[in-house]
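Reviewing the structure listed below.
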Amino acid sequence: MALAVSTPLHSSDSKDASIQLWDTGSGCQVASFRGGACAPHGLCVTENLIFGLQVKQAVHVWRWTAETPEIRIPLPEKITSLTASFDGTMCFCGSESGSLLVWEVSEKRRSARVCVWSVCVCVR
């Protein structure tokens, strides 16, 4: 896709459980992805991939060139936030319990494996 990563984007969900990405400068729809509506704070756009936190405790991963998710990551607990590395090789989720869950994402194998199951951070 010819879209620069630095292009400001806005996302929206639709009633048919799809995600649309919009160019905030022009107001034009850039892409549409089927297979899930995102939870709040649950969308991350990287150079090659789009990560979407689903309401039903899973992360769906789309390539820019695919309309449907190519990777589905099941989640062991309720997630409140999501982000990914710039190149899309790592996915980070913050949980309601305060844990940080980290996955290594493989586009070639179309899979994700847990790197760190849970890291508890205590701040005093």
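Remember, it's a predicted structure, so these values are computed and weren't measured experimentally.
- By the 4.5 Å heavy-atom criterion applied to side chains, Ser99 and Glu77 are counted as neighbours.
- Distance check: Trp64 CH2 to Thr46 OG1 gives 8.5 Å after rounding to the nearest 0.5 Å.
- With values rounded to the nearest 0.5 angstrom, Leu53 atom CG is found 6.5 Å from Cys93 atom SG.
- Residues Pro74 and Arg72 approach most closely at CD-O, 3.5 Å, considering heavy atoms.
- Ring-plane geometry between Phe33 and Trp62 is classed as tilted, the angle between the planes lying from 30 to 60 degrees on a 0 to 90 degree scale.
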Apply side chain to side chain contact (heavy atoms under 4.5 Å, CB included) to Leu49 and Arg63, showing your working. CA-CA 5 Å; Leu49 301 171; Arg63 289 180 197 251; 3.9 Å; yes
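- Exactly one of Leu75, Leu101, Val59 qualifies for a side-chain contact (heavy atoms from CB on, under 4.5 Å) with Leu82. That residue is Val59.
- Side-chain contact between Val61 and Ile50: absent, with no pair of heavy atoms (C-beta onward) separated by less than 4.5 Å.
- Proximity of Met90 to Val105: side-chain heavy atoms (C-beta onward) are nowhere separated by under 4.5 Å.
- Thr80 places a side-chain N or O within donor-acceptor distance of the main-chain N or O of Gly94, the cut-off being under 3.5 Å.
- Rounding to the nearest 0.5 angstrom, the gap separating the OG atom in Ser85 from the CD atom in Glu47 is 10.0 Å.
- No side-chain heavy atom of Ser81 sits under 4.5 Å from any side-chain heavy atom of Phe92.
- Here CD of Glu96 is found 9.5 Å from CD1 of Ile79. Values are rounded to the nearest 0.5 Å.
- Gly52 approaches Leu43 most closely through the heavy-atom pair CA-CD1, 4.3 Å.
- With hydrogens and angles left out, the side-chain atoms of Glu67 and Ser32 include no donor and acceptor closer than 3.5 Å.
- Partners of Gln57 according to the side-chain hydrogen bond (donor to acceptor under 3.5 Å, both in side chains) rule, which considers only residues two or more places apart in sequence or in another chain, do not exist here.
- Listed here is the closest heavy atom pair of Phe51 and Ala84: CE1-CB, 3.5 Å.
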